[in-house]
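Everything on this sheet refers to the single structure shown next.
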Amino acid sequence: MGLVRFANGRVVRGDALLRGDVWSLDGVVVCPEALYWRAASSDALAHDVVDCEGCIVAPGLVDIQTNGCFGVDFASPRVEERAVRRAAAAVLRHGCTALAP
């Protein structure tokens, strides 16, 4: 993954939603200032930039117990794979990046 800058986004800072950047190193949010001083003589500042186009930048949520959603009952012995995929796609639109049915 390397170092990625998520630019042109909105980030929660205290009680406010402000324009700002988020930096990630191998999937972990990092402080870019600390990286700069460590990398003064290396290529560690090479990075990809993702234009967030004003969207909110936040970590993905994981629902660790989902009994069902969007009309799909995961406990039903008749639940079909396409229904589970439809429900998973629906929760993704609400910030949930993974679920455990």
Side-chain angles (χ1 to χ4, degrees):
M1 281 190 233
L3 185 61
V4 180
R5 175 182 166 211
F6 295 90
N8 191 25
R10 294 179 295 153
V11 182
V12 175
R13 302 256 190 232
D15 293 335
L17 189 59
L18 305 173
R19 289 232 177 245
D21 295 348
V22 173
W23 292 70
S24 170
L25 179 60
D26 296 328
V28 177
V29 174
V30 294
C31 173
E33 290 86 3
L35 287 175
Y36 173 81
W37 294 110
R38 271 194 315 183
S41 62
S42 74
D43 64 353
L45 289 181
H47 60 269
D48 291 322
V49 177
V50 176
D51 184 356
C52 297
E53 300 178 356
C55 292
I56 296 172
V57 180
L61 305 174
V62 177
D63 190 337
I64 61 172
Q65 180 187 359
T66 309
N67 297 317
C69 58
F70 299 97
V72 179
D73 179 3
F74 295 142
S76 170
R78 295 188 185 95
V79 69
E80 297 179 4
E81 180 180 346
R82 66 186 174 143
V84 173
R85 289 185 182 279
R86 186 180 74 243
V91 299
L92 184 59
R93 291 191 302 269
H94 295 275
C96 186
T97 58
L99 58 91

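Everything numeric in this text was worked out from a predicted model, so none of it was measured.
A continuous path of hydrophobic side-chain contacts links Val29 to Val50 [ILVMFWY only; heavy atoms under 4.5 Å]. No chain of hydrophobic side-chain contacts below 4.5 Å, direct or via other Ile, Leu, Val, Met, Phe, Trp or Tyr residues, connects Leu17 to Val57. Placement of Val22 and Val12 in two distinct hydrophobic clusters is found when ILVMFWY residues are connected by side-chain heavy-atom separations under 4.5 Å, directly or transitively.
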Show the atom names and distances, to 0.1 Å, of all donor-acceptor pairs under 3.5 Å that link a side chain in residues 86-101 to residues at least two apart or in another chain.
unit_1, atom_1, unit_2, atom_2, d
Thr97, OG1, Leu61, O, 3.4

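Atom CG of Leu18 has more than 12 heavy atoms from other residues, nucleotides or ligands within 6.0 Å.
Atoms CG and CZ, on Asp21 and Arg5 in that order, are 4.0 Å from each other to the nearest 0.5 Å.
Looking at Asn67 and Phe74, their side chains never come closer than 4.5 Å, going by heavy atoms from C-beta outward.
With sequence neighbours left out, the side-chain hydrogen bond (donor to acceptor under 3.5 Å, both in side chains) criterion links Arg85 to Glu81.
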